[in-house]
Amino acid sequence: MSHDTIFRALVTDADEPLYKQLQGNLREAVQSQALKPESLLPTERELSEKLEVSRVTVRKAVEGLVQEGLLTRKQGSGTYVASRIEKNFSKLSSFSEDMKARGRTPSSEWLLREKGSVTPDEALSLGLSPGTAVFRFHRIRMSDGEPMALEYSTIPASALNHSGKISSSLYATLDTYGNRPVRALQRLRAVPFEGEIAVLLGVPAGSPGLFIERRAYLRTGQTVEVTQSYYRGDAYDFVAELKTGADDVSQPESRL
Ligand code: 16G
């Protein structure tokens with residue numbers, strides 16, 4: 001394994017702090033697969049000696065990437081490139097971004113792409129009046145060609161300027177219309193994957209998985225997405241950073 005990217009010299013008088021530069025190099029090493037899933041990172045000491053930076057800097061860089069889910073710590077044995085997808089649960093990222101950040105290639109198999117009028121249920125959950133046009137996108141989401149999740153999204157047609165032509169990333173397309181969500185509520189629960197869901201994801205019937213519902217909002221408060229996703233339980237770890245509530249007064253404003 002070549003460690004050229006990891007040990008690339010850091011620039012001490014750059015605007016970007018040293019720990020961020022190191023994070024960039026580590027991220028690049030994972031994305032280019034110079035550091036493959038499950039491979040062991042050089043120790044903190046080795047990194048700090050070779051890069052001529054303090055161990056505090058190295059620790060800060062690594063800690064950030066552990067929190068992002070790119071790296072994972074194993075007690076007593078070191079820091080590794082995460083093999084299961086560790087998904088940061090507090091970040092409003094897209095499937096495509098999550099995969100690219102891990103050096104994997106996202107793709108989708110389309111099951112349904114249709115424009116229709118909101119059903120009474122959708123009208124309620126999207127806060128739209130009856131008759132409003134919506135798109136429904138049903139996709140199998142793949143990572144390096146392997147099915148990882150199923151997603152059933154409903155999007156107000158106006159958020160996509162009434163064009164159902166979305167690129168491989170829904171969020172990237174919403175972004176081009178200035179309608180990428182900025183906030184979301186998510187609920188999840190464990191479910192066994194049965195029937196069609198198990199077949200589409202290529203897992204044995206009864207395999208454990210996660211059912212996740214995301215409702216995402218624009219800055220204006222308008223709902224821009226309701227997506228029901230089925231994420232394979234054997235491929236994902238959901239990670240969230242928790243803080244004591246002392247200085248956190250924010251409360252979810254609406255229920256999912
Ligand atoms: C994620 C979201 C989903 C969103 C999709 C957009 C979860 C549980 N779900 O899978 O709500 O629609 O990303 O991905 O994170 P895209 O931009 O790659 O199409």
Side-chain angles (χ1 to χ4, degrees), residues 31 67-70 82 84-115 121-122 125-127 134-161 163-191 193 197 200-201 203 208-218 222-241 252 254-256:
Q31 281 168 9
Q67 248 156 50
E68 264 179 38
L70 198 70
R84 289 159 61 90
I85 309 283
E86 296 210 356
K87 190 167 160 54
N88 187 328
F89 216 42
S90 47
K91 204 167 152 205
L92 187 48
S93 56
S94 73
F95 181 87
S96 306
E97 290 161 348
D98 289 344
M99 292 308 134
K100 286 185 192 154
R102 285 159 184 78
R104 300 180 185 220
T105 308
S107 61
S108 299
E109 191 181 314
W110 284 87
L111 302 173
L112 176 80
R113 186 200 302 243
E114 67 166 25
K115 193 172 183 185
D121 276 356
E122 287 167 350
S125 60
L126 287 159
V134 289
F135 285 111
R136 297 190 190 90
F137 301 128
H138 298 182
R139 296 178 287 169
I140 308 178
R141 312 304 307 268
M142 333 258 233
S143 160
D144 292 341
E146 190 191 354
M148 303 297 273
L150 281 177
E151 293 196 314
Y152 301 90
S153 306
T154 309
I155 312 289
S158 56
L160 292 165
N161 212 8
S163 158
K165 275 197 212 110
I166 72 163
S167 70
S168 53
S169 164
L170 172 61
Y171 276 20
T173 308
L174 283 169
D175 201 21
T176 61
Y177 295 110
N179 288 329
R180 184 181 164 124
V182 295
R183 189 173 75 84
L185 286 178
Q186 227 166 240
R187 73 158 64 216
L188 80 162
R189 62 171 178 268
V191 290
F193 288 163
I197 290 174
L200 291 172
L201 287 173
V203 295
L210 288 165
F211 171 74
I212 306 171
E213 187 166 39
R214 177 180 286 190
R215 188 183 303 180
Y217 305 90
L218 297 176
Q222 167 66 47
T223 311
V224 71
E225 167 194 18
V226 174
T227 293
Q228 275 115 22
S229 312
Y230 294 86
Y231 271 71
R232 268 173 52 188
D234 59 343
Y236 275 90
D237 279 353
F238 284 84
V239 183
E241 187 191 9
S254 35
R255 290 189 309 126
L256 193 64

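Order of appearance sets the numbers: ligands from 1, and atoms from 1 within every ligand. Each residue takes its place number in the sequence, starting with 1.
- The aromatic rings of Phe211 and Tyr230 sit tilted, their planes meeting at an angle between 30° and 60°.
- With hydrogens and angles ignored, the 3.5 Å screen pairs a side-chain donor or acceptor of Thr176 with a backbone N or O of Thr173.
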Give a table of atom pairs where an N or O of ligand 1 lies under 3.5 Å from a protein N or O.
unit_1, atom_1, unit_2, atom_2, d
ligand 1, 9 (N), Glu151, OE2, 3.4
ligand 1, 10 (O), Glu151, OE1, 3.4
ligand 1, 10 (O), Glu151, OE2, 2.4
ligand 1, 10 (O), Tyr231, OH, 2.6
ligand 1, 11 (O), Glu225, OE2, 2.7
ligand 1, 12 (O), Glu225, OE2, 2.6
ligand 1, 13 (O), Phe95, N, 2.9
ligand 1, 14 (O), Phe95, N, 3.2
ligand 1, 14 (O), Arg141, NH1, 3.3
ligand 1, 15 (O), Lys87, NZ, 3.1
ligand 1, 15 (O), Arg214, NH2, 2.8
ligand 1, 17 (O), Ser169, OG, 2.6
ligand 1, 17 (O), Leu170, N, 3.1
ligand 1, 17 (O), Tyr171, N, 2.9
ligand 1, 18 (O), Ser96, N, 2.9
ligand 1, 18 (O), Ser96, OG, 2.4
ligand 1, 18 (O), Arg141, NH2, 2.8
ligand 1, 19 (O), Arg139, NH1, 2.9
ligand 1, 19 (O), Arg139, NH2, 3.0
ligand 1, 19 (O), Arg141, NH1, 3.2
ligand 1, 19 (O), Arg141, NH2, 3.4
ligand 1, 19 (O), Leu170, N, 2.7

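- Taking Arg136 as the reference, Glu114, Glu122 meet the side-chain hydrogen bond (donor to acceptor under 3.5 Å, both in side chains) condition, with sequence neighbours excluded.
- Cation-pi check for Arg183 over Tyr217 is met; the charged atom lies under 6.0 angstrom from the ring centroid and within 45 degrees of its normal.
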Original post:
Under the salt bridge (Lys or Arg N to Asp or Glu O under 4.0 Å) criterion, do Arg232 and Glu146 qualify, and how do the steps go?
Top reply: CA-CA 11 Å; Arg232 268 173 52 188; Glu146 190 191 354; 3.1 Å; yes
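- Side-chain contact check for Glu225 and Thr227: at least one donor-acceptor pair (N or O, by modelled atom type) lies under 3.5 Å.
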